[in-house]
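Numbered from 1 within each chain, the chains take letters A, B, ... in sequence-line order.
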Number of protein chains: 2
Amino acid sequence: MLFIIGGKEVALKSIGDLELRSGKILKDVKIAYHTYGKLNPSADNALIICHALTGDHYPGRFGKIKGWWDSLIGPGKVIDPGRYFIVCSNVLGGCYGTTGPSSIDPDTQAPYAMNFPVVEFADTVRGQVRLARQLGIKKIHAVLGGSMGGLQVLEWGMQEEIPVQKLIVMAASPKSSPFVIAFHEIQRQAIMLDPDWRGGEYYGREIPSAGLSVARMVANLSYRSEPSLTAKFGRKPAWRTGVAEDPYQSFEQRFDVQSYMNYQGDALVHRFDPNSYLYLTKAVDLFDISRGRKDLEEAMASLQGDLYCLSINTDLLFPPHEIVEMVRLRRKAGKPAEYYEMNSIHGHDAFLIEFPIIEPVVKEWLD
Amino acid sequence: MLFIIGGKEVALKSIGDLELRSGKILKDVKIAYHTYGKLNPSADNALIICHALTGDHYPGRFGKIKGWWDSLIGPGKVIDPGRYFIVCSNVLGGCYGTTGPSSIDPDTQAPYAMNFPVVEFADTVRGQVRLARQLGIKKIHAVLGGSMGGLQVLEWGMQEEIPVQKLIVMAASPKSSPFVIAFHEIQRQAIMLDPDWRGGEYYGREIPSAGLSVARMVANLSYRSEPSLTAKFGRKPAWRTGVAEDPYQSFEQRFDVQSYMNYQGDALVHRFDPNSYLYLTKAVDLFDISRGRKDLEEAMASLQGDLYCLSINTDLLFPPHEIVEMVRLRRKAGKPAEYYEMNSIHGHDAFLIEFPIIEPVVKEWLD
């Protein structure tokens, strides 16, 4: 179950066996990636971009694919391929080409499904480092990402194999709070509740689409905010074939926001593997940059690169106070750290929406 | 499927046929209720207490039942049965004795299931008014409730059959926002996703317990807050038979907050009817005190009784700004309105937790 995006064949690199942080070995790992621009002769103009939970490795435009950060990436834009060698790869455990639960386990010749090992973003980034080496990169100007992407940025700061100059982290905390874990637990339970999930052994059959849809609805709510839904929908009724529904008359008739939630849930079903969803939300839950260190203070002191953090005032998942604390500890260690709190009604997803606010901030930080 | 609480037989009153706001007739409606204290000779010492979504009609202690507002209700407490005649009844559409989806439809002699009509809290309160008359009540000192209970309090202010002196509304808004509706939509989808739901026709068979459990988990998250889960669980692993789980080693092993969420979900399964859950969340979605009026300003001017509102600073569902607006419009109409914003890390559920804060506020408002 490889989701081919926009009919394009995915560029893949084999990075060999990967010893995971759990001690398990993931054999013959492949990484799907895309690049924009060219590596300069001194091999030090690379930008690494890390995608969010259901994102892919096309942050900028590629043929018919618009790219999820298209407003930021492209000729003449803040992240200009004329200046930088931009690399984005699909995460470990994903479903867009990188080895994940839907990949064939070389030991059994069947998809891993739930036999896929638990992966952490430290593992993902170790794979990304190998990819960067294969691409000839010697030094990285900046690593950027929002949400799950931001967690990977922090792990890039923890590795020591390739020098990194700047870490640009958006809407991401130094560890996932129990509130994030609780949101994800519900999403996983919804997928596993679907009878089509079959313990993860659904490849070649019906996928657990209703469960994935409910999971996505839960996630979507955590990405938004009360003011954003109020501004967008209020209490307007839904429209079915040109006629306003009357939620006061029958159980089935809905408000517009209900129809929107279901639409958002269903839209993911056609482009994402439910088992990947389980493993990636788990990986977010496991994220704690202080793991294996004395505490968060020591971890923040150890990061390589200058730290730049952006938070969103209405973010339910990674609220500003967690990000402020990360910046405080970094500064306490005598290291530079910039901080910007964005005001937006859009909640967590503002890092994918509020480009007029983000653009000048990223420009200043990159230059 | 009548959930008998604490082995007690439920007191029921027949209130006859009820014409619903939708125009449909609900036949031979029964209301389950409980009273504390005695009606005085002038029949004007009544307090009506309205319960929340999965609550019952025992807010105070009754035999072995502790009561969900036990800290507030009882001899020598703020709500003293020695002084007041306290009445609480199970809502229309509920599963603790009042007519709901699990009741027998007199037309078919089978449970209503999803043939139960859509009910609104205006309907519920019309039933409560009939009950109050049957109990001989002539004047009501105060109506009190939190969350879904608070919505009923506002509907009590809209009826004109029995005079009400005070309306005490906690953690409830004058209309449900699309954020509340979205939260509920997910909960309903989770129940309906469970194959045991069978379109609501599960009476006498397995109930859709996994779906109800996921629904309850979603609800529980909306009732809490990031700081409350962080304070209670942090990133502690769960314990299974005395041994700490290691979430980093296998997919099944969990953090403590995951185990807590599942426990909370499963706990509801033994005491609530999934179809009632569908109809009551729908009723909350439908709630808009301005419905049938020009606007919220006119509605707030029309309420009978003095208005007292309590909000919670961390409430995700009914945030302070919505409650502040209601108070503002009430005052604009030249009517008295008191407002108290509670500081608590506990989120929406604080009205069931923070009794040392609530008690003096309710005392002042009642006296």
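The side chain to side chain donor-acceptor pair (under 3.5 Å) check on B/Thr99 picks up nothing, with sequence neighbours excluded.
With a 4.5 Å cut-off on non-hydrogen atoms, B/Gln264 does not touch chain A at all. Neither the backbone nor the side chain of B/Lys232 comes within contact range of chain A; no heavy atoms are under 4.5 Å apart. In this structure, the portions of B/Asp285 lying under 4.5 Å from any heavy atom of chain A include both its backbone and its side chain. Residue contact with chain A, scored on non-hydrogen atoms closer than 4.5 Å, is absent for B/Leu20. With a 4.5 Å cut-off on non-hydrogen atoms, B/Phe287 touches chain A through its backbone but not through its side chain. Looking at B/Gln187, neither its backbone nor its side chain comes within 4.5 Å of chain A, counting heavy atoms on both sides. With a 4.5 angstrom heavy-atom cutoff, B/Met261 touches chain A only via side-chain atoms. If you measure heavy-atom distances from B/Tyr279 to chain A, the contacts under 4.5 Å come from both the backbone and the side chain. Heavy-atom distances place both the backbone and the side chain of B/Phe251 under 4.5 Å from chain A. Within the 4.5 angstrom heavy-atom criterion, atoms from both the backbone and the side chain of A/Leu278 approach chain B.
The structure places OG of B/Ser250 at 9.5 Å from CE of A/Met114, a figure rounded to the nearest 0.5 Å. Here the NZ-CZ distance, from A/Lys175 to B/Arg235, works out to 7.5 Å after rounding to the nearest 0.5 Å. A distance of 5.0 Å separates CG of B/Leu193 from CG of A/Asp194, quoted to the nearest 0.5 Å.
The greatest number of non-hydrogen atom pairs below 4.5 Å with chain A, out of B/Ala283, B/Ala210, B/Pro247, is found for B/Pro247. Among the candidates A/His321, A/Arg21, A/Lys236, A/Gln249, the residue making the largest number of heavy-atom pairs closer than 4.5 Å to chain B is A/Gln249.
Residues from residues 116-126 of chain A that place a non-hydrogen atom less than 4.5 Å from a non-hydrogen atom of chain B comprise A/Val118, A/Glu120, given in numerical order. Residues of residues 176-186 of chain B that come closer than 4.5 Å to chain A, counting heavy atoms only, are B/Ser176, B/Ser177, B/Pro178, B/Phe179, B/Ile181, B/Ala182, B/Phe183, B/Glu185, B/Ile186, ordered by residue number. Against chain A, the residues from residues 220-227 of chain B that qualify, each with a non-hydrogen atom under 4.5 angstrom away, are B/Leu221, B/Ser225, B/Glu226 in number order.
Atom CD of B/Glu341 has more than 12 neighbouring heavy atoms from other residues, nucleotides or ligands inside a 6.0 Å radius.
In this structure, A/Arg291 forms a cation-pi arrangement with B/Tyr248, its terminal cationic atom sitting closer than 6.0 Å to the ring centre and no more than 45° off the ring axis.
The closest donor-acceptor contact from the side chain of B/Lys282 to the backbone of A/Glu252 lies at 3.5 Å or more, if one exists at all.
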